Amino acid sequence: MTLAAQIIEQANALGPWHHRVRLRDGIFTQSETVQDESGAVVSVYDPDRSFEQGIRPVYPDGLGGRSFLDCACNAGGHSFAARDHGAGEIHGFDIREHWIRQARFIAETREGDMSNMRFDVASFDDLAASDGTYDITWFSGIFHHLPDPVAALRLVADRTRETLFLNTACVRFDPTMPEKPELVFRPQGTRQLLSGVSGVSWLPSGPQVLRRILNWMGFVDIRTYYWVQDEPEKLTGPPEGYTGRIALAAARSEGALGRMVDLKTPTSGIGPARPKAPAPKPEPAEETRPLRWEDDLSVHALDTAPFERVPPVAEWADDAFEMIRGGKAPSEIAQLPLIEMARRDTAPLPVRTDREGYSQDNHEHYWLSGLRDYHLTSQVVARHGGTVDRIMEIGCASGRVLRHFAFQSEATEIWGSDINHRHIRFLNTHMPAHVRAVAVPALPHYPVEDNHFDLVTAYSVFTHVDTFETAFLAELRRMLRPGGIAYLTVSDESHRDMLQQGTTETSRRLAERIAGTFPDGAELLKGPLTEEKRYLRHRQTGPYRGIVFTPQEQITTVWSRFFQIEEIIPSGHSDQTVVVARKPRS
Ligand SMILES: C[S@@+](CC[C@H](N)C(=O)[O-])C[C@H]1O[C@@H](n2cnc3c(N)ncnc32)[C@H](O)[C@@H]1O
């Protein structure tokens, strides 16, 4: 294995990554895992860009050996940028070990002088117990995650000899009105890798409140050098959401900030009462193409890692079925002879990391959830007079539902397809011979006969298809036999309403994830689902890069051109809606 391949593999194992840091020419920190343990997608951020924006105007000739403290440093991206700009001693700390492991890996791996750099798993309380001082302190992306941000900022200010850089989320501000300086309470989750750890946090109202605080801490030259907020017309709710971002530099001596700008209004989303300034859209984070062409079109293309396996349910002792024995099986299947059905299923189960996070580590829950979806599908198809002899599942992953068609039904030909090669390898290794699993590129082309299948299913897949939707519909139609049925799940208005209202535990969790992951997420959940507000993307490259909503209107005006829409079942697939569609008979 080449050194480059080794580095890529090690970086991959340390994912998910938030900071995109250059390790060597052409090699950046990234991994195939993009979600954290809570299921939240970890957004990708370019630390070099925001570092330069703050540092360059104040230190145009570089940092000249100045010391640098990086608070809540994540993978240390700003610290490495500081070293590239000539910083001397560098100290970064973060409360989460995951990030510090990444920072230490970069320090060991990156080309260049990484000496005199230290990364610690530590909190602001630990900082309070130390007495070191630094020329420059960096307080970025942490103010809005702290239960007592002023106290933490004070600690850091007291250790700042020259300049403090503060970058935080803030509330939306109407620049036609004077700022009412305040900190606005905002609850937040604690389980996401990018969240705080206390659940309590505060958003500043704008620059005034931060200036007053920084001034009180002894800074005399304070400038707002970055300030953006959402466009007002996109906002429907109260302004205390997470809708703006602001960065200030604060110096100990007058004039020390040189030619740095001092913004008086946000540079985007400035409010209807003002003449509309040419609002530069916040630039999307710079992204490069995947290193391997296959990664443009699929996932885990070259993966050959062995599988960890959970023993087949057929081999479990009776008392291992805790949910079934405790009467906790999903109500839709509680009446079925579940233990008997389990005895038929002789294939190993995939472990959590090989099953799209379904059911966390609860293997019985995973098996039952697939069985429920299989059972509901069979019932609905029967209700519509359908048969299931030949079936194709699109986006089948490692067979959560498909395995039940294989072990519980009379179907003779069961095809599964997915863009994730590893899932397909799992199926072709472990499923019975009448299962045929195909790794497909994200483009909707399926290498199968025309007019072949009685049933085509896609569970939670159209919720991720953000391009070529119509080609998917046409391709499903091509492979279905006349009169055959498509059973497709979508997030429509009814699912959106559940997310909005937090009707179920899963909708509450997903809504939190959406709001925390996608800049437009909270807003999308509030307004009507329109064509331009259907997509939430967390990256621009590769497939499977976000969440897609399908408004009812899209089904009635577009999907209906390809299929007869037989039935729409809100909450037919947990919180998602099921669309039952038929290929016309003639
Ligand atoms: C949320 S998972 C659902 C997995 C499975 N259908 C289930 O219900 O257990 C979404 C699946 O869709 C697959 N996928 C995403 N985009 C796809 C595309 N464009 N074509 C085919 N599969 C896709 C993913 O690899 C993943 O396995």
Side-chain angles (χ1 to χ4, degrees), residues 32-35 39-41 294-301 303 330 349-350 352-360 363 365-377 391-406 414-427 437-448 455-476 479 486-491 495 506 509-510 513-514 535-539 541-548 550 572-578:
E32 280 150 351
T33 313
V34 296
Q35 287 169 299
V41 173
E294 299 91 337
D295 298 337
D296 270 336
L297 295 168
S298 61
V299 178
H300 284 314
D303 169 83
L349 303 182
R352 173 187 183 161
T353 45
D354 280 327
R355 60 188 194 209
E356 298 287 320
Y358 275 95
S359 304
Q360 306 207 345
H363 306 309
H365 186 280
Y366 170 79
W367 186 80
L368 287 169
S369 79
L371 184 67
R372 179 201 52 207
D373 294 342
Y374 154 75
H375 179 69
L376 291 175
T377 308
I391 161 170
M392 161 65 91
E393 183 178 340
I394 307 288
C396 61
S398 46
R400 188 180 66 87
V401 187
L402 182 133
R403 66 183 307 124
H404 298 287
F405 280 97
I414 300 169
W415 292 63
S417 58
D418 203 286
I419 55 169
N420 186 324
H421 297 250
R422 186 169 166 81
H423 290 334
I424 296 303
R425 186 158 60 86
F426 182 89
L427 292 174
V438 197
V440 289
L443 297 175
H445 170 74
Y446 287 80
V448 296
L455 174 65
V456 175
T457 57
Y459 307 96
S460 264
V461 179
F462 277 89
T463 46
H464 304 288
V465 168
D466 67 333
T467 51
F468 302 115
E469 179 189 278
T470 45
F472 264 102
L473 297 174
E475 187 62 349
L476 300 193
M479 60 178 131
Y487 185 99
L488 314 171
T489 77
V490 295
S491 286
H495 189 198
T506 44
R509 267 192 275 127
L510 181 59
R513 217 175 91 195
I514 288 176
Y535 307 105
L536 291 172
R537 298 188 178 97
H538 59 84
R539 1 181 209 111
T541 54
Y544 199 14
R545 57 188 167 182
I547 296 181
V548 176
T550 306
H573 181 74
S574 299
D575 299 344
Q576 290 179 24
T577 292
V578 174

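In each ligand, atom 1 is the first atom listed, and ligand 1 is the first ligand listed. All values reported here derive from a predicted model rather than from experimental measurement. The first residue of the sequence shown is numbered 1, and numbering continues consecutively from there.
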* Non-hydrogen atoms of Asp418 versus ligand 1: any pair closer than 4.0 Å? -> yes
I need the atoms of ligand 1 closer than 4.0 Å to a non-hydrogen atom of [X], numbered in the order shown.
{"X": "Tyr459", "result": "3 (C), 5 (C), 6 (N), 8 (O)"}
{"X": "Ala397", "result": "4 (C), 27 (O)"}
{"X": "Val461", "result": "12 (O)"}

Below 3.5 Å, N or O to N or O, backbone or side chain included: is there any such pair between [X] and ligand 1?
{"X": "Ser460", "answer": "no"}
{"X": "Val465", "answer": "no"}
{"X": "His464", "answer": "no"}

[X] versus [Y]: any side-chain heavy-atom pair under 4.5 Å?
{"X": "Val299", "Y": "His423", "result": "no"}
{"X": "Arg422", "Y": "Pro350", "result": "no"}
{"X": "His445", "Y": "Val440", "result": "no"}
{"X": "Asp373", "Y": "Arg400", "result": "yes"}
{"X": "Thr377", "Y": "Leu455", "result": "yes"}

List the closest protein heavy-atom neighbour of [atom]: residue, atom name, distance to the nearest 0.1 Å.
{"atom": "atom 8 (O) of ligand 1", "answer": "Arg400 NH2, 2.8 Å"}
{"atom": "atom 2 (S) of ligand 1", "answer": "Tyr544 OH, 3.6 Å"}
{"atom": "atom 18 (C) of ligand 1", "answer": "Ile419 CG2, 3.8 Å"}

* Structure fact -> Heavy-atom proximity to atom 22 (N) of ligand 1 ranks first, among Pro441, Gly395, Pro543, for Gly395
* Structure fact -> Result for ring-ring contact (aromatic ring centres under 6.0 Å, His included) between His573 and one of Tyr459, Tyr374, Phe462 points to Tyr459
* What part of Phe472, side chain from CB on, backbone N/CA/C/O, both or neither, has a heavy atom under 4.0 Å from ligand 1? -> side chain
* Structure fact -> Quick look: Glu393 vs ligand 1, heavy-atom contacts under 4.0 Å, and the answer is side chain
* For Arg509, what residues pass the salt bridge (charged side-chain N to carboxylate O under 4.0 Å, His left out) criterion, not counting sequence neighbours? -> Glu505
* Asked: salt bridge (charged side-chain N to carboxylate O under 4.0 Å, His left out) with Asp466: which residues, sequence neighbours excluded?
  -> Arg537, Arg545
* Asked: In terms of side-chain heavy atoms, does Asp354 have a donor or acceptor partner in Ser398 at a distance below 3.5 Å?
  -> no
